[in-house]
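Written out below as structure tokens is the structure these notes cover.
Predicted model, so just to flag it, every value in this text is computed and none were measured. Side chains are part of it too, since the values below use all heavy atoms of this structure and drop only hydrogens, waters and symmetry mates. Numbers restart at 1 for each chain; the letters A, B, ... are given by sequence-line order, proteins then strands.
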Amino acid sequence: MLTAMTGAVESGLIYAIMALGVYLSFRILDFPDLTVDGSFVTGAAVAATLIVNGANPFVATCLALFVGFVAGCMTGLLHTAGKVNPLLSGILMMIALYSINLRIMGRSNVPLLNQKTVFTTIQEWGTKIGLDSAAAKTWGILLSMTLLALLFKWFTDWFLQTEIGLAIRATGDNPRMIRSLSANTNLLIVLGLGLSNAMVAFSGALVAQYGAFADVGMGIGMIIIGLASVIIGEAVFGTKTIARATLAVIGGAIIYRIVVSLALRVQFLETGDVKLITACIVILALVVPQMVRQQKEKKRKEEKRRNRAQVMAVAATGKGEADVAVKRDL
Amino acid sequence: MLQLKGIYKVFHEGTPDEKIALQNIHLTLRKGDFVTVIGSNGAGKSTLMNLISGVLFPDEGTIWIDGQDVTMMPEYVRSRYIGRVFQDPMAGTAPNMTIEENLAMAYTRNQKRTLRRGVTKKRRDDFRELLSTLHLGLENRLQAKVGLLSGGERQALSLLRRPSPNLPFCCSMNIQRPSIQPERS
């Protein structure tokens, strides 16, 4: 049980970087970017292929980040220069990337067993400072991924407070206004989507190394997983400031992983049901808060009406208007 | 100086809905001119403003600002020369961003935006001073999201982000609806 939990937290932290990317496109730019399903695999494919061919795993992972940036920019160009609807440009790019990913990998699955990856390197470092192999793996990965996720969070927070970052946020919030303040919204959308998909591809590269394989189908539904993380995080931790919201996204990603791993412990559910579970989680996270709010609002109104009726009743007993006012203030 | 020379603008050309919005418009405005354009619905007031600000482009004719032909200059480039206030009070501000962030975006409108922090300590002091001229108490709510303000407060905020004095030309979007009317009884 404990290993399952640490595993969930570990992968939650890795997927959190992807979720931050989704947060950037979906929430900040207000652009439902389905490229994510493709660029996640692109990151995995680039890293895995390079590693199999003997490249340094850290270099390979960073290259994946760069390729993801390019993929995101392409979606942005499709939308801004080509004037294609946001959803459609994302879907087009996702489909195009499927073939590109196959080309990069050369086949549909690249195993990374017995290869030198980022995680085996971290484990090595751990054993060097005197930890035993298992502890080095668990704590090494947990610590390094926490630091990495926080690094990306810090970068996002910083970036969105810069002058360019403010303009990107305004592009998602009120494009007409920011255009009237001399900002090229097209360029900002391309940049924002590039950064978003860079994070997604980076996360994909890490997931491939964590799971020791890259598969052409590993990105299916990734956008929904990202959305689930964003929505759960926002519901649980709130969105008062940017820093709070990005922290919420990371928290959401971890919670999502924990929920899925708990759900899979139920006898009846199989591994293939993960996507269905994900869909259900997202639906619940979208619908339940709304219903709760409506219910609360209704209760509040009823309460008010009852209080008012009481005050009126008091008024009828003839205590005078001053008394009524005082009671109303309560 | 703003000049419009022989401007034509036709909507839905060649269809039964064809509508000639502007026909052979010549207009010259000098520095300090104050002009009010009045017309009934569909007279082309908004089209005129949209052509000047670069939201729309004319079918014929040219637009000049200080001797520079800006007819085909995109909106975001041209807005360096033009201050605009939208008629819709919601259109001039970004609701999910704070008051200080909204002001910061206007602050950098004539410079290249960089990776420097948008809201610095010095700018925050400037904003506070600027906001206090409105007497709306907004100077104490710098970190409040603009979406929480009323329509009038939001319009006041966008008026505050007036173009700096070195802007050659300033046009105000036609305010048909009484967006700001403090003395309304």
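Applying a 4.5 Å heavy-atom cutoff, the residues of residues 163-175 of chain A that approach chain B are A:E163, A:I164, A:L166, A:A167, A:R169, A:A170, A:D173, A:N174. Of all residues in residues 114-128 of chain B, those placing a non-hydrogen atom less than 4.5 angstrom from a non-hydrogen atom of chain A are B:T114, B:L115, B:R116, B:R117, B:G118, B:V119, B:R123.
Crowding of A:F159 atom CZ: a count of heavy atoms from other residues, nucleotides or ligands under 6.0 Å exceeding 12. Counted within 6.0 Å of CD on B:E129, heavy atoms from surrounding residues, nucleotides or ligands total 12 or fewer; the atom is thus considered open.
Counting heavy-atom pairs under 4.5 Å between each of B:A91, B:P74, B:G54 and chain A puts B:A91 at the top.
Rounded to the nearest 0.5 Å, atoms CZ (A:R176) and CE (B:M90) are 13.0 Å apart. Atom NZ of residue A:K240 and atom NZ of residue B:K145 lie 8.0 Å apart, to the nearest 0.5 angstrom. To the nearest 0.5 Å, atoms CG (A:L181) and CZ (B:R113) are separated by 6.5 Å.
There is no contact between A:I242 and chain B, counting heavy-atom distances below 4.5 Å.
Side-chain contact between B:N96 and A:R27 is absent, with no heavy atoms from C-beta onward closer than 4.5 Å.
When every heavy atom of A:S182 is checked against every heavy atom of B:S79, the shortest pair comes out as N-OG, 2.9 Å.
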